[in-house]
Student: 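I have a structure I would like to understand better, so I am pasting it below and will then ask my questions one at a time.
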Number of protein chains: 4
Amino acid sequence: MAGKALRWERRPDDRPHELLEAALKVFAENGYRNTRLDDVAEAAGVTKGTIYHYFDTKEELLLSAIEHYQALAFGRVEGVLQDVHLPASTRIRLLVRKMFSVRAPSSRYLLALLVRAAAHEVRRVHDTWLRDGPVKLWGLIAQLVEEGKDRGEFRPDADGDAGARLLVSGLMLQLIWQQHAAAVPALAIDEDRLIDSTVELFLAGLRSSAPPIAYSSVD
Amino acid sequence: MAGKALRWERRPDDRPHELLEAALKVFAENGYRNTRLDDVAEAAGVTKGTIYHYFDTKEELLLSAIEHYQALAFGRVEGVLQDVHLPASTRIRLLVRKMFSVRAPSSRYLLALLVRAAAHEVRRVHDTWLRDGPVKLWGLIAQLVEEGKDRGEFRPDADGDAGARLLVSGLMLQLIWQQHAAAVPALAIDEDRLIDSTVELFLAGLRSSAPPIAYSSVD
Amino acid sequence: MAGKALRWERRPDDRPHELLEAALKVFAENGYRNTRLDDVAEAAGVTKGTIYHYFDTKEELLLSAIEHYQALAFGRVEGVLQDVHLPASTRIRLLVRKMFSVRAPSSRYLLALLVRAAAHEVRRVHDTWLRDGPVKLWGLIAQLVEEGKDRGEFRPDADGDAGARLLVSGLMLQLIWQQHAAAVPALAIDEDRLIDSTVELFLAGLRSSAPPIAYSSVD
Amino acid sequence: MAGKALRWERRPDDRPHELLEAALKVFAENGYRNTRLDDVAEAAGVTKGTIYHYFDTKEELLLSAIEHYQALAFGRVEGVLQDVHLPASTRIRLLVRKMFSVRAPSSRYLLALLVRAAAHEVRRVHDTWLRDGPVKLWGLIAQLVEEGKDRGEFRPDADGDAGARLLVSGLMLQLIWQQHAAAVPALAIDEDRLIDSTVELFLAGLRSSAPPIAYSSVD
DNA sequence: GATGAATGAGGGTTCATTCAT
DNA sequence: GATGAATGAACCCTCATTCAT
């Protein structure tokens, strides 16, 4: 209906953004090195050369994809819940759900990209992300645990730091692994249940008034 | 007894094994695609051509490295503790420690390799590993949790599956991330403490005799 | 008289000419292959696409730049001094000065372009230029030398052809090399002195044993 | 007779040197940018990849080719004729012949490469060569001219510098242009005659008014 | 067995050229 | 006319793989 050029097409859309989306997806699925620029181009419906209008190198494309979405991803936590009127446990619940209950595929891609490919391909970014992402996140949680201890919500001998690490790392890897659920059906789990059960278990462990039973007698 | 070791001590020409060690290390550090066979060769103190005496392709080298060490790694769980005389919590403790309290660098490399590179490079292997490794492991733990519930050790409403997933995934990723502790100091944690605290928190969460305090009032 | 210049002053939209100027300059400075059309466009203050309004291909742009200025450059010699009343030496002096005492940067660019880039890029043009430019020029000079011999101005055994070649080639390369005077200060020389000294030496060599006849009386 | 491998051949020869020769030739003929590594490889009878065994980049290949032969080329002048017993004119004759009477094609290629391609491609090398090659050479000649003046061989008002420049530049360009003699027959000239006539004219110009002293007795 | 020179397919990058706006 | 996004062929460079020694 519109004049369809055979080998040439101009699109008025927001090309850079489309390219970033495509790159994010393809990189996350295949890994950075396994992905040819042709793949990205194809996924974006353009040709290889077009990418070079917007990005100088393949690596810059990776970086841009990561940076673009990272801000977005972590925008969610910024300023979250320092609301001291709520009990610590509630704030932890909210924080975790805010971070992980995200359906956007781009977030999932980003996570996979950062945990896997970026570790080798753009170590600088990866390590920065580790510091400003997961580490910071479990730091926040650990801090909430301390608050909870002060208020008597949690038992004072709980190791909030280790627990918070587990919570964050575990959820991340589980969510990434959901991408393999087709090949390994036993992997599949409802994500909301995963997140909720997991947080509740964590909180229950912190509360746990009962003394560990045969704790020191083992091993 | 000492004498019989002669034939099995690492002989200077036990090339295949040396190559696998080198490959495992270099692949894990740099990623599969980022690693040239020259790098592996150099790490093994041989030249590139030598690798082709023992392995047909680069991918076969990766496969061999994974397979060779995988048996070793998961051999640890085989036949572990179905000793019904011990309480479930104790068996869980033992199981987790057996699996994760491993100092061997090869285990760490293997873990990183399987979580990261293999996902893209040899998806078949990766998914098989997922099924026979992590999934199986948290299955065992979930099963022990069920036993514990039956015996009254754990509260009946606990979500053992989600918890076991968290435990296994979280520890894995934490251990992998320890490789970045140099670049991100806040990451570093004593691994024994991580493992122990983590298991105890998990068990405490399952036991949790005290009624959740403000549990249902939120959200 | 001033009024009539109106139509022929460089109008702001005299694009083709501006493009040729820019191309000439940029090609000469960077070489043909090292120059992107974007460079030419930028130098001309337009965008790449504009060039294609006026020239079909990059090579045609090169050709046009050469042709446009070449006429101009060699127009100077056309009809020059067959004035038989002057001694041959005088006519040689005038000829050489006419050809080489040119301050216009475009001439210098053109020379560099023809000596260097064109040799590989548009060999046809290069070789044509050789024939109609330098070769013809030294032919004229050699002819004047013959006339001078006939009149007894020059010694009969002088090799006018070789000398004329030297004169023409040498001046050309020296003038081109002046573009490198910034990087190689020892190269720099006053161009008028170069040209004059050079011609006089040439003439002196032809005259040889006899004392210079009307040496100081000319020009 | 020897097993002829279909697509694989090992040559025991001095491969790097062969590559340099081929590169020098092809670069000089087509220009640096117009030459594909495949062209060089083909000229050397190998494939592209082989070049990368010996040279890191195309530019390094160019540099190596220039450097390798440059030493060789200018080795000829080193230590030449400070023999003060000979008249300056004789020493100039010897010097010029030593420099330019060279039949080796590699010298001719090198000259063309340095005068043309290198000016844009590796400006650093080009300018260095200008300083240490041509400029130095005509400096030596100018110095000999001064000596000649002191001894009364040459007239004191001669511009030795300009003359020496002309001599060096002119011969260089003439020799390079001989490569185009096939396309422009009028260009062709016997190189020995060119060199000799040229030097004699130069010397005659310096001597000038005085009758040539030992003109025919030398060399 | 071990070596390392040689190969060639693959992919990142450049840039002349096209064409919708 | 002018623009600049889009194209794709070309080319440099990498590196898994082969094989004569």
Side-chain angles (χ1 to χ4, degrees), chain A residues 2-13 15-16 33-41 44-61, chain B residues 13 15 33-41 44-61, chain C residues 13 15 33-41 44-61, chain D residues 2-13 15-16 33-41 44-61:
Chain A
K4 199 80 196 181
L6 267 190
R7 48 181 219 76
W8 211 93
E9 195 171 356
R10 187 200 203 84
R11 314 244 199 102
D13 307 286
R15 189 49 42 88
R33 288 293 302 268
N34 282 315
T35 302
R36 283 163 298 155
L37 282 184
D38 279 315
D39 297 333
V40 176
V46 300
T47 57
K48 198 165 41 166
T50 301
I51 297 178
Y52 283 90
H53 267 286
Y54 302 99
F55 306 97
D56 284 344
T57 64
K58 186 186 180 186
E59 181 157 339
E60 207 214 276
L61 178 62
Chain B
D13 59 347
R15 282 272 182 268
R33 289 296 303 266
N34 282 315
T35 302
R36 283 162 297 160
L37 282 186
D38 279 313
D39 297 334
V40 176
V46 301
T47 56
K48 195 167 40 169
T50 303
I51 297 179
Y52 282 88
H53 275 290
Y54 301 99
F55 305 94
D56 285 344
T57 66
K58 186 186 180 187
E59 182 157 338
E60 205 213 279
L61 178 61
Chain C
D13 60 347
R15 281 271 182 267
R33 288 297 302 267
N34 282 315
T35 302
R36 283 161 297 158
L37 282 186
D38 279 314
D39 297 333
V40 176
V46 299
T47 57
K48 196 166 38 168
T50 303
I51 297 179
Y52 282 88
H53 276 289
Y54 301 99
F55 304 96
D56 284 345
T57 66
K58 185 186 181 187
E59 183 158 337
E60 205 213 278
L61 178 61
Chain D
K4 200 79 198 181
L6 269 190
R7 49 178 219 78
W8 210 94
E9 194 170 357
R10 187 202 204 85
R11 314 243 198 102
D13 308 286
R15 190 50 43 90
R33 290 293 304 267
N34 283 315
T35 302
R36 283 162 299 155
L37 281 184
D38 277 315
D39 297 333
V40 176
V46 299
T47 56
K48 196 168 38 170
T50 301
I51 298 179
Y52 284 89
H53 267 286
Y54 302 99
F55 305 96
D56 284 344
T57 64
K58 186 186 180 185
E59 181 157 339
E60 206 213 278
L61 178 63

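Numbers restart at 1 for each chain; the letters A, B, ... are given by sequence-line order, proteins then strands.
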Student: For the side chain of Tyr52(D), counting heavy atoms from C-beta on, which of dC13(F), dC15(E), dG12(E) is nearest?
Tutor: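 Closest of the options to the side chain of Tyr52(D): dC13(F).
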Student: Taking side-chain contact (heavy atoms from CB on, under 4.5 Å) as the criterion, tell me which of Leu61(A), Asp56(A), Thr57(A) meets it with Glu59(A).
Tutor: Thr57(A)
Student: Can you check whether Lys48(B) has a side-chain N or O nearer than 4.0 Å to OP1 or OP2 of dG4(E)?
Tutor: no
Student: Look at Thr50(A) and dA6(F) and indicate whether a side-chain polar atom (N or O) is within less than 4.0 Å of OP1 or OP2.
Tutor: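 For Thr50(A), the contact criterion (side-chain N or O under 4.0 Å from OP1 or OP2 of dA6(F)) is not met.
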Student: Can you tell me which nucleotide in dC11(F), dC15(E), dT17(F) comes closest to the side chain of Arg36(C)?
Tutor: dC15(E)
Student: Given that Leu37(B) and Ile51(C) both sit by DNA chain F, which one's nearest nucleotide is further toward the 5' end?
Tutor: Ile51(C)
Student: Taking OP1 and OP2 of dA6(F), is either one under 4.0 Å from a side-chain nitrogen or oxygen of His53(A)?
Tutor: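 His53(A) to dA6(F) OP1/OP2: no side-chain N or O under 4.0 Å.
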Student: Are any side-chain N or O atoms of Lys58(A) and backbone N or O atoms of Thr35(A), one a donor and one an acceptor, separated by less than 3.5 Å?
Tutor: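 Yes, Lys58(A) side chain to Thr35(A) backbone: donor-acceptor pair under 3.5 Å.
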Student: Select from Thr35(D) and Gly49(B) the residue whose nearest nucleotide in DNA chain F is closer to the 5' end of that strand.
Tutor: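 Taking each residue's closest nucleotide, the earlier one in sequence belongs to Thr35(D).
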Student: Return the pairing partner of dT14(E) with a 3.5 Å limit on both distances, Watson-Crick or G-U wobble; otherwise return none.
Tutor: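 WC or wobble partner is dA9(F).
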Student: I want to confirm an ordering. Mapping Thr47(B) and Glu59(C) to their closest nucleotides on DNA chain E, which one lands closer to the 5' end?
Tutor: Thr47(B)
Student: Is Tyr54(D) touching bases, backbone alone, or none of the nucleic acid, heavy atoms closer than 4.0 Å?
Tutor: sugar-phosphate
Student: Looking at dC15(F), dT13(E), dT7(F), which one has an atom nearest to any side-chain atom of Val46(A)?
Tutor: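 For the Val46(A) side chain, the nearest candidate turns out to be dT7(F).
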